[in-house]
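Worksheet for the structure shown next.
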Amino acid sequence: MAKLIYLSPSDQTSNKYAYGETTEAIQCRKIADAAEKALKRCGFSVINNKTASMADRVAESNKKKAALHVCIHTNAANGKVTGKRLFSWDSKGEGYKAAKAVYDNLVCYGTSNSIRPYPDLYEIKNSNAPCVYCECEFHDNKDSAKWIISNVAKIGEFIAKGICKYFGIAYKTETAVNTSNSEVYTVKKGDTLSGIATKYGTTYQKLAEYNGISNPNVISVGQKIKIPKVTSTKPKTLQKGQVVKLERVKLYGSSTAGTVATTVSGTYYLWDGKTINGRTRITNAKNRVGVAGQITGYINVKDIK
């Protein structure tokens, strides 16, 4: 029988975000929806209660004999603090173990992170199941509030991944990834996952998920990192400012001849959409063309896959 996870997202509609016309309740319900989808994909049974009072939620969780009770909130302090906060009944029981698993997998905006007992919180105190109380980020900081809004689906996935880790169940991504043709990068001294991601025109979150890395801040020299192939659609026509995704494409200093300036990967923009001698000019600064330090140059049109 599938383990039941009880999700209890915040109902605090009065807690306004520092960015956007939204509230804690709205965003936490979105996070819970994403977590529910991921957990069901991984074989769990889920109750996602977004309307009842805390007392009614706890009563339902206890009646249904949930295997884990998970509260999903965002935090507030002085408008400056950022980071995640995870709470549990104590620092050694199953609630703490589950909270630690979520903590280790929950990527957030800030760096001020902590996990500690908080037995006075109503749902932690009264739920029969081990309880994980997630304060995913601080919504009274404009930058972190913006980050929450942009990453609700990922936050839900992070929480689900931590729950899978706690129960020893394999986490399943939404789309199975074919790694048979992946390029492999060997980690060198001084490398970071974000630096490797930038090199290959992707994100550290995607590399972490693709390689099953639970903590993207920890990689080791000699470790093999699989790089997913980047696929894009070759444009039928070239237009000024059009976005193109490039993977290790030669960048030329001239539209006619000259040495190769460098090899580029990532997201770039077409300078003016014109093709000259089979090449078109690109820039990685759509609104700052010509500014010193920005990568610009010519690429072969055939390299736009």
Side-chain angles (χ1 to χ4, degrees), residues 5-13 15-20 22-42 44 46-50 68-77 81-88 98-115 123 131-167 169 171-175 193-194 197 202-210 212-217:
I5 309 300
Y6 196 96
L7 300 180
S8 178
S10 171
D11 62 355
Q12 293 166 295
T13 56
N15 289 349
K16 304 294 184 181
Y17 270 42
Y19 175 88
T22 189
T23 67
E24 178 180 350
I26 291 173
Q27 297 306 314
C28 289
R29 288 166 183 167
K30 290 180 180 180
I31 293 170
D33 288 344
E36 177 184 7
K37 181 179 179 182
L39 288 166
K40 287 181 175 178
R41 186 172 67 236
C42 296
F44 291 96
V46 180
I47 294 177
N48 180 8
N49 195 324
K50 296 180 283 188
L68 191 68
H69 188 98
V70 182
C71 307
I72 299 174
H73 291 251
T74 55
N75 216 338
V81 180
T82 60
K84 61 189 174 186
R85 301 286 188 273
L86 272 290
F87 304 119
S88 60
K100 183 64 166 58
V102 173
Y103 179 88
D104 289 342
N105 283 273
L106 182 58
V107 177
C108 65
Y109 175 82
T111 57
S112 174
N113 307 313
S114 67
I115 175 173
E123 290 181 80
C131 183
V132 176
Y133 198 104
C134 304
E135 294 277 11
C136 303
E137 249 300 346
F138 283 79
H139 61 250
D140 61 340
N141 177 290
K142 184 176 181 180
D143 291 332
S144 56
K146 184 177 181 180
W147 181 87
I148 296 168
I149 294 168
S150 300
N151 291 277
V152 287
K154 290 182 180 179
I155 296 170
E157 292 272 351
F158 294 144
I159 292 172
K161 190 177 292 186
I163 293 171
C164 286
K165 180 181 177 181
Y166 168 67
F167 284 106
I169 294 174
Y171 178 76
K172 298 178 182 179
T173 58
E174 188 166 11
T175 304
L193 199 61
S194 61
T202 184
T203 66
Y204 76 86
Q205 293 97 332
K206 288 182 180 179
L207 288 187
E209 181 176 350
Y210 195 75
I213 299 172
S214 60
N215 186 347
N217 295 316

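Note that this is a predicted model, so its numbers are computed, not measured.
- Residue Arg29 holds its CZ atom at 7.5 Å from OG of Ser10, rounded to the nearest 0.5 Å.
- Note that CD1 of Ile155 and OG of Ser150 are 9.5 Å apart. Values are rounded to the nearest 0.5 Å.
- Here the side chains of Tyr133 and Arg85 are not in contact, with every heavy-atom distance at 4.5 Å or above.
- Within the 4.5 Å cutoff, no side-chain heavy atoms of Val132 are placed close to those of Ile163.
- Side-chain atoms of Asn48 and Asp33 include a donor-acceptor pair closer than 3.5 Å.
- Summarising the geometry of Phe87 relative to Ala99, their closest heavy-atom pair is O-CB, 4.2 Å, with the distance given to 0.1 Å.
- The closest side-chain donor-acceptor pair between Arg41 and Thr173, if any, does not fall under 3.5 angstrom.
- Atom NZ of Lys146 sits in a sparse spot, with 12 or fewer heavy atoms from other residues, nucleotides or ligands closer than 6.0 Å.
- Put simply, the side chain of Glu24 never gets that close to the backbone of Asn15: no donor and acceptor are under 3.5 Å apart.
- Between Ala34 and Val152, the shortest heavy-atom distance links the atoms CB-O, 4.1 Å.
- In this structure the side chain of Asn113 reaches within 4.5 angstrom of the side chain of Tyr103, judged on heavy atoms.
- Taking both residues in full, the closest heavy atoms of Thr13 and Thr23 are given as O-CG2, 3.1 Å, listed atom of the first, atom of the second, then distance.
- Put simply, the side chain of Val107 does not reach to within 4.5 Å of the side chain of Lys84, judged on heavy atoms.
- In this structure, Val102 and Cys134 approach most closely via the heavy-atom pair CG1-SG, 4.0 Å.
- Looking at Ser144, its side chain never comes within 3.5 Å of a backbone N or O of Glu137 through a donor-acceptor pair.
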- Item | Tyr109/Ile148 under side chain to side chain contact (heavy atoms under 4.5 Å, CB included): CA gap, chis, key distance, verdict | CA-CA 8 Å; Tyr109 175 82; Ile148 296 168; over 6 Å; no
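- By the 4.5 Å heavy-atom criterion applied to side chains, Phe44 and Leu68 are not counted as neighbours.
- Using modelled atom types, one finds a donor on one side chain and an acceptor on the other under 3.5 Å when comparing Glu123 with His69.
- Taking all atoms of both residues into account, the shortest heavy-atom contact from Pro9 to Cys28 is CB-O, 3.5 Å.
- Taking the side chain as every heavy atom from C-beta outward, Thr74 and Tyr17 approach each other to under 4.5 Å.
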- Message: With side chain to side chain contact (heavy atoms under 4.5 Å, CB included) as the criterion, how do Leu207 and Ile213 come out once you've worked through the C-alpha distance, each side chain's angles and the decisive distance to 0.1 Å?
- Response: CA-CA 8 Å; Leu207 288 187; Ile213 299 172; 6.0 Å; no
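- Lys100 contributes atom NZ, which lies 9.5 Å from atom CG of Asn105 (distance to the nearest 0.5 angstrom).
- Atoms CD and OG, on Glu135 and Ser114 in that order, are 10.0 Å from each other to the nearest 0.5 Å.
- With His139 contributing its side chain and Asn75 its backbone, the two residues share a donor-acceptor pair below 3.5 Å.
- Side-chain contact between Asp104 and Tyr166 is absent, with no heavy atoms from C-beta onward closer than 4.5 Å.
- Looking at Ile31 and Ile159, their side chains come closer than 4.5 Å, going by heavy atoms from C-beta outward.
- To the nearest 0.5 Å, atom NZ of residue Lys154 and atom SG of residue Cys136 are 15.0 Å apart.
- Between the CG atom of Asp140 and the NZ atom of Lys16 there is a distance of 14.5 Å, given to the nearest 0.5 Å.
- Scanning both residues, Lys142 and Tyr19, for their nearest heavy atoms gives O-CB, 3.6 Å.
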